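Computed from a predicted structure; not experimentally measured. Letters A, B, ... mirror the listed sequences (proteins, then strands); counts begin at 1.
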Protein chains: 2
Amino acid sequence: MKSILNQADLDSFSRFYRANLINCLTGTKPAMLIGTTNVNGATNLALFNNIFHVGADPALIGYVQRPVDQSGDTYRNIINTKEFSINWANKEILEQAHQTSARYNDDISEFEVCGLTPEYLEGCKAPYVKECHINILLELVETIPVSINNTIIVIGKVKHILIPNALIKEDGNIDVNADNALSIVGLEQYYTTKFEQKMDYAKVVI
Amino acid sequence: MKSILNQADLDSFSRFYRANLINCLTGTKPAMLIGTTNVNGATNLALFNNIFHVGADPALIGYVQRPVDQSGDTYRNIINTKEFSINWANKEILEQAHQTSARYNDDISEFEVCGLTPEYLEGCKAPYVKECHINILLELVETIPVSINNTIIVIGKVKHILIPNALIKEDGNIDVNADNALSIVGLEQYYTTKFEQKMDYAKVVI
């Protein structure tokens, strides 16, 4: 039995139920930690589930930043330092990764209180997460306001990728199963992946 | 052994290897089909792997549209009709869903050649996919140019959600496992999900 839910139905749900349902509509989302520093070098780490591919050449990754008055340090740090890291959360650090989403005061480093280790690549200000197998260091290239809900799309250009050789397949694809990479569905449901099939480039067949 | 890949390394890879690697950097992405019609009512269907959550209230979903001169009908149809559907690809239709990514001419409907069935909700121009368990009907609310690579972020507002009652959990979360929802890693690797853990809202603990 299929329900048809309209705006009136969405409005009738509790705030909690509606937030879960709507956050689930985009299915399986990557669970990734964004690492930054403020201008004094104090570190910050936060879990994001709305990171997306923007382009392959140049290599660009974006995320949706909530309205800035509701946000923590991540956006301010990115604007000030022009750098950030994206780190793949994995099953071994599920609880630590999730805990970074708590609303810690600005003077608290989530690295420290959540038990994750900041490391640095020479020449980069943004810390990456030692416990994540895959780390991406980016420089800020564009911030784009979304007028309809006052969010901001933040786009970074990939400068460095840290990745174990064993996680890259022959054809350049990343082995997410071997990484135990975590996905998020909705806000708080964590999943790993089960490989189904690799397809070939689809050709026109009529 | 962890590699550090820089721009020079990325440039040294074959186009194919680099495209796979960079498209994998954003991890597990939802595999979803976008359905549209042109102004004459001819249907179009295409697989997207760069769909993302923009906001819960109002309920907004976005996707990244490649530069328009490279694109097929989806964007043109959305601009002309102001409507589109997002349909969750599932394991049972993996091959049909993937096949919609082939570059069919504009006068071909991917529904027909790929063996998927268009259905309509009264009052909506955009077709949804019968074989997908979860269908979302949206109206166009914003298109935002990304200057760095000439892509366009297309944002729709959710008008209707078609979903089997059995796929909604008590708390409003969607059961992606029961749906056999497909994810894409890179361009052509398909995955289903394995449930790991549901966490509570993270509270500050120091």
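Neither the backbone nor the side chain of R15(A) has a heavy atom closer than 4.5 Å to any heavy atom of chain B. Heavy atoms of L167(A) lying under 4.5 Å from chain B are absent altogether. Heavy atoms closer than 4.5 Å to chain B are found in the side chain of D57(A), but not in its backbone. Only the side chain of M32(A) comes within contact range of chain B, judged by heavy atoms closer than 4.5 Å. Neither the backbone nor the side chain of L137(A) comes within contact range of chain B; no heavy atom of the residue lies under 4.5 Å from a heavy atom of that chain. Proximity to chain B involves both the backbone and the side chain of S147(A), based on heavy atoms less than 4.5 angstrom apart. The parts of Y201(B) that come within reach of chain A are both its backbone and its side chain, each placing non-hydrogen atoms under 4.5 angstrom from that chain. Using a 4.5 Å cut-off between heavy atoms, E112(A) makes no contact with chain B at all. Proximity to chain A (any heavy atom under 4.5 Å) is shown, for I184(B), by neither the backbone nor the side chain. Looking at T151(B), only its side chain comes within 4.5 Å of chain A, counting heavy atoms on both sides. At a 4.5 Å heavy-atom cutoff, I86(B) makes no contact with chain A through either its backbone or its side chain. Looking at I168(A), only its side chain comes within 4.5 Å of chain B, counting heavy atoms on both sides. Within the 4.5 angstrom heavy-atom criterion, atoms from both the backbone and the side chain of I163(B) approach chain A. In this structure, the portion of S183(B) lying under 4.5 Å from any heavy atom of chain A is its side chain and not its backbone.
In terms of non-hydrogen atom pairs under 4.5 Å with chain B, the most contact-rich of A102(A), G186(A), P58(A) is A102(A). Ranked by non-hydrogen atom pairs under 4.5 Å with chain A, the options L187(B), D9(B), I155(B), V54(B) are led by V54(B). Note: K91(B) leads K91(B), R18(B), E170(B) in heavy-atom pairs under 4.5 Å with chain A. Looking only at heavy-atom pairs under 4.5 Å with chain A, the residue among V64(B), I144(B), I148(B) that has the most is I148(B). The residue among N50(A), I51(A), L25(A) with the most heavy atom pairs within less than 4.5 Å of chain B is L25(A). For the set P30(B), S101(B), A19(B), the count of heavy-atom pairs under 4.5 angstrom toward chain A peaks at P30(B). Chain A forms more heavy-atom pairs under 4.5 Å with one residue of L60(B), L47(B), D179(B) than with any other, namely L60(B). In terms of heavy-atom pairs under 4.5 angstrom with chain A, the leader among L121(B), I61(B), N165(B) is N165(B).
To the nearest 0.5 Å, atoms CD (E196(A)) and OG1 (T192(B)) are separated by 3.5 Å. Note that OH of Y190(B) is 10.5 Å distant from NZ of K198(A), once rounded to the nearest 0.5 Å. The distance from atom CD of Q189(B) to atom CG of D175(A), rounded to the nearest 0.5 Å, is 7.5 Å. Distance check: I136(B) CD1 to T26(A) OG1 gives 7.5 Å after rounding to the nearest 0.5 Å. Here the CD1 atom belonging to I134(A) is positioned 8.5 Å from the NZ atom belonging to K2(B), to the nearest 0.5 angstrom.
The number of heavy-atom neighbours closer than 6.0 Å to CD of Q197(A), taken from other residues, nucleotides and ligands shown, is above 12. Counting heavy atoms of neighbouring residues, nucleotides and ligands inside a 6.0 Å radius, atom CD of E95(A) does not exceed 12 of them.
In this structure, the side chain of E142(B) does not engage the main chain of V146(A) through any donor-acceptor pair within 3.5 Å. With hydrogens and angles disregarded, a donor-acceptor distance shorter than 3.5 Å links the side chain of H98(A) to the backbone of D200(B). The closest donor-acceptor contact from the side chain of K29(B) to the backbone of F52(A) lies at 3.5 Å or more, if one exists at all. Q99(B) places a side-chain N or O within donor-acceptor distance of the main-chain N or O of K203(A), the cut-off being under 3.5 Å.
Closest heavy-atom contact between N149(B) and G55(A): ND2-CA, 3.8 Å. Here the shortest heavy-atom pairing between D171(B) and N20(A) reads O-ND2, 2.7 Å. Contact detail for Y17(A) and K169(B): the closest heavy-atom pair is CE1-O, 4.1 Å. M199(B) and L94(A) make their closest contact through SD-CD2, 3.6 Å (heavy atoms, listed as atom of the first residue, atom of the second, distance). Across all their heavy atoms, Y191(A) and I174(B) have their closest contact at OH-O, 4.4 Å. Annotation for V158(B) and Q7(A): closest pair O-OE1, 4.1 Å, computed over non-hydrogen atoms.
Between the side chains of N49(A) and H53(B), not a single donor N or O lies within less than 3.5 Å of an accepting N or O.
Contact check for N105(B) versus V204(A): no side-chain heavy atoms found under the 4.5 Å cut-off. Side-chain atoms of V185(B) and N173(A), non-hydrogen and from C-beta on, never get closer than 4.5 Å to each other.
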